[in-house]
Amino acid sequence: TAVLSENSNPAINFASATAVSFPKLMSARLTTKLQRLTDLLQAASETTGVVLDVQQAYVAPQVNGNEPNTFNEGRSALVNLPTQLQGSNLTRTVDTQFIPAILAAQFDWVKRIDNSTFRVSVTQDQCSSDLDIVFVLDGSGSIEMSQFGGADGNFQSRILKFVEDVVSNFNVGANGTHVGVLTFASSTTVNMHLNDHLDKTDLLNAIGSIAYPEGGTRTSSGLKVVRESMLLEAKGMRPQSAGIPRVVVVLTDGQANVGYAPAAEAQLLRDLGVTVISVGIGTRVNMDELDSMASAPLSRNRFLLKSFDRIPDIVDSMTATTCDAPVVLDSGVSTAVSIADCGVKFFQPQCGALSNLIAELTVTSGTLDMYASRSTRFPSAFERDYSETKVTGVQRMTIAEGNATSQLFIGIHGAAPGTHTFQLAVWSDLFEGLPVWSVAIPSAAQVGDTVFASPPLNVSRSSLRFDVINPVSYYSVNHQSGEIVLSQALPSGNNVSHELRIRVYDEELPCLNGLM
């Protein structure tokens with residue numbers, strides 16, 4: 001939970017507080033961004049007085065069932081220009097002074113409400129998401145060569161400082177974020193594995209002591225070592241069932257040497273469910289290579305800076321991007337996760353481009369809302385295509401969209417205070433509707449009798465196989481047809497019930513992975 005405090009900036013005119021709205025109360029990060037905004041507005045207007053109106057910031061959460069939002073956490077503010085700065089042409093003043101200042105202040109999100117009112121928002125003061133993140137750093141000679149836009153000391157003062165600044169925003173620890181670092185030039189060096197430094201102070205000290213390698217730019221070699229030698233459970237990467245996003249951040253200032261283009265290796269990482277973020281620095285960067293490395297969408301995962309002096313400018317954006325990286329789910333694999341209070345976790349099914357899917361949410365403690373969308377990476381009550389709210393126990397959501405080809409994303413939101421634990425799995429929808437059936441078996445049933453025949457599937461494949469996930473000794477399943485056969489006599493008496501979960505999968509196409 002964020003610690004909020006009153007903003008006492010004399011350059012801001014705050015609206016009066018009410019029983020539920022407290023315009024001065026906000027997070028430390030929002031206070032810092034508003035200070036930057038007022039400094040820019042004062043410089044532009046050549047005044048030292050009030051240059052900003054804040055109509056709203058922290059709003060007390062309401063007990064009416066509405067979805068919590070960033071106003072309830074003190075991370076958003078409604079701002080506009082005071083009357084004395086609006087001038088004779090308000091539109092011109094907003095376009096030439098207000099909007100440039102808002103953008104330069106580097107809020108994490110900005111939304112225009114009307115002609116002169118904007119909603120500005122920030123990420124949490126510290127990222128609450130746990131990650132496995134590897135930084136892949138270009139250590140080639142050009143980093144410190146002036147003829148290529150570099151300068152002496154760039155690697156230490158710019159590249160490593162960038163890594164330190166981003167890492168500082170995360171909760172580093174054995175049960176928190178794990179950080180690894182690799183440098184590449186003519187050769188590749190693993191500077192630290194994901195489990196080498198699980199204390200933030202030790203980690204920051206180790207990052208600051210990384211040596212500048214110099215040499216060529218063998219980018220693909222660096223990515224290959226990350227895949228083969230760093231993203232391993234033995235080296236600190238958590239298993240997929242733990243629900244920890246995996247992120248690789250590549251910083252480079254140029255173009256890979258011939259034979260070391262990164263596209264193929266980056267694709268292999270993405271195929272493993274890794275979010276790849278590429279950062280290009282300087283004027284010699286090959287944009288095609290940056291694009292070939294970054295995960296979609298490029299607007300969030302590819303950054304280009306014209307000079308090393310601009311590196312600090314993207315620390316906030318990079319932190320937000322890595323913090324919100326979705327957990328990638330393999331088809332049919334259940335991932336166990338916990339979130340605190342009104343937290344949120346985003347998921348990207350590995351086979352999420354399939355038209356027909358079933359998302360199965362099993363809540364083991366707490367109450368959760370589940371949202372799904374193909375139009376936003378961050379589904380919520382405000383933007384979603386599908387929703388199931390106030391979920392306790394097991395809830396299945398059917399996503400059926402004909403010929404949809406865009407990626408599906410799922411957001412799981414805490415719907416009440418306290419810690420929430422849950423499991424999420426995404427299956428191919430191989431049947432018509434929810435694949436849940438009840439069968440009454442007569443007491444006269446004999447061993448060897450077929451007690452259930454699989455309904456028709458949406459696909460016709462000879463390589464489909466049926467397996468029981470939770471075997472019950474009284475039944476067996478035909479692996480080719482899905483028929484369930486009584487394999488031993490049922491116990492006598494009435495009201496005996498059993499639940500079988502049967503996985504239906506294609507041995508040749510991993511994305512065809514259903515459940516009944």
Side-chain angles (χ1 to χ4, degrees), residues 33 36 99-110 123 133-151 153-167 169 181-185 212 216-223 226 247-258 260-267 269-270 274-325 377:
K33 296 296 185 182
R36 173 66 173 157
I99 292 177
I102 288 174
L103 296 177
Q106 297 180 344
F107 294 95
D108 298 306
W109 299 280
V110 176
T123 58
I133 181 170
V134 176
F135 290 89
V136 180
L137 309 180
D138 184 347
S140 60
S142 57
I143 294 285
E144 300 198 353
M145 292 182 180
S146 58
Q147 63 267 39
F148 297 122
N154 263 351
F155 186 78
Q156 182 74 40
S157 64
R158 302 294 189 184
I159 301 293
L160 297 184
K161 181 64 165 56
F162 167 80
V163 178
E164 292 170 352
D165 288 345
V166 173
V167 166
N169 290 304
V181 181
L182 172 144
T183 51
F184 69 92
Y212 173 43
T217 308
R218 298 185 176 183
T219 315
S220 63
S221 295
L223 296 179
V226 169
V247 180
V248 169
V249 180
V250 185
L251 279 81
T252 181
D253 79 324
Q255 178 171 317
N257 293 153
V258 175
Y260 294 93
E265 282 296 335
Q267 183 63 55
L269 285 171
R270 296 195 300 269
V274 177
T275 296
V276 181
I277 300 171
S278 61
V279 183
I281 309 164
T283 58
R284 299 175 57 253
V285 175
N286 184 315
M287 287 299 298
D288 289 338
E289 286 189 1
L290 281 188
D291 292 352
S292 73
M293 287 188 284
S295 297
L298 296 182
S299 59
R300 285 187 59 85
N301 294 317
R302 189 256 286 133
F303 297 83
L304 177 64
L305 302 175
K306 293 301 183 183
S307 73
F308 287 89
D309 293 337
R310 296 296 304 278
I311 288 180
D313 293 347
I314 67 164
V315 168
D316 293 340
S317 298
M318 179 66 67
T319 300
T321 297
T322 54
C323 185
D324 288 336
R377 294 171 63 85

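Please read all numbers here as calculations on a predicted model, not as lab measurements.
Put simply, the side chain of V134 does not reach to within 4.5 Å of the side chain of V181, judged on heavy atoms. Within the 4.5 Å cutoff, the side chain of L137 has no heavy atoms near those of the F184 side chain. Residues Y212 and I159 are not in side-chain contact: their nearest non-hydrogen atoms beyond the backbone lie 4.5 Å or more apart. Between F135 and V166, the closest side-chain pair of non-hydrogen atoms falls below 4.5 Å. Counting heavy atoms from C-beta on, the side chains of Y260 and T217 never come closer than 4.5 Å.
In this structure E265 satisfies the salt bridge (charged side-chain N to carboxylate O under 4.0 Å, His left out) test together with R227, sequence neighbours excluded. A search for side-chain hydrogen bond (donor to acceptor under 3.5 Å, both in side chains) contacts involving N257 returns nothing, not counting sequence neighbours. For V285, the side-chain contact (heavy atoms from CB on, under 4.5 Å) partners two or more places apart in sequence, or in a different chain, are L290, L304. Among residues two or more places apart in sequence or in another chain, the side-chain contact (heavy atoms from CB on, under 4.5 Å) test is passed with A294 by S278, L298, N301, R302. For E164, the side-chain hydrogen bond (donor to acceptor under 3.5 Å, both in side chains) test picks out no residue, with sequence neighbours left out. Among residues two or more places apart in sequence or in another chain, the side-chain hydrogen bond (donor to acceptor under 3.5 Å, both in side chains) test is passed with T275 by none. The side-chain contact (heavy atoms from CB on, under 4.5 Å) check on R270 picks up A266, Q267, V276, S295, with sequence neighbours excluded.
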Inset, instruction - Under the side chain to side chain contact (heavy atoms under 4.5 Å, CB included) rule, what do Q255 and E289 come out as? Steps first, then yes or no, please. - result: CA-CA 7 Å; Q255 178 171 317; E289 286 189 1; 3.5 Å; yes
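Among all heavy-atom pairs drawn from R377 and A296, the shortest one is NH1-O, 2.9 Å. Listed here is the closest heavy atom pair of M293 and L223: SD-CD1, 4.2 Å. Smallest separation of non-hydrogen atoms from G139 and A185: O-CB, 3.8 Å. Here the closest non-hydrogen pair linking I102 and F107 is O-CD1, 3.6 Å. The nearest pair of heavy atoms linking D165 to N169 is O-ND2, 3.2 Å. The heavy-atom pair separating S220 from A261 by the smallest distance is CB-O, 3.2 Å.
Distance alone, capped at 3.5 Å, is enough to place a donor-acceptor pair between the K33 side chain and the Q106 backbone.
Taking OG from S292 and CG from N286, the interatomic distance works out to 8.0 Å, rounded to the nearest 0.5 Å. For the atom pair F155 CZ and D253 CG, the distance stands at 11.0 Å (nearest 0.5 Å).
Put simply, the residue from V136, I133, I277 that forms a side-chain contact (heavy atoms from CB on, under 4.5 Å) with V248 is V136.
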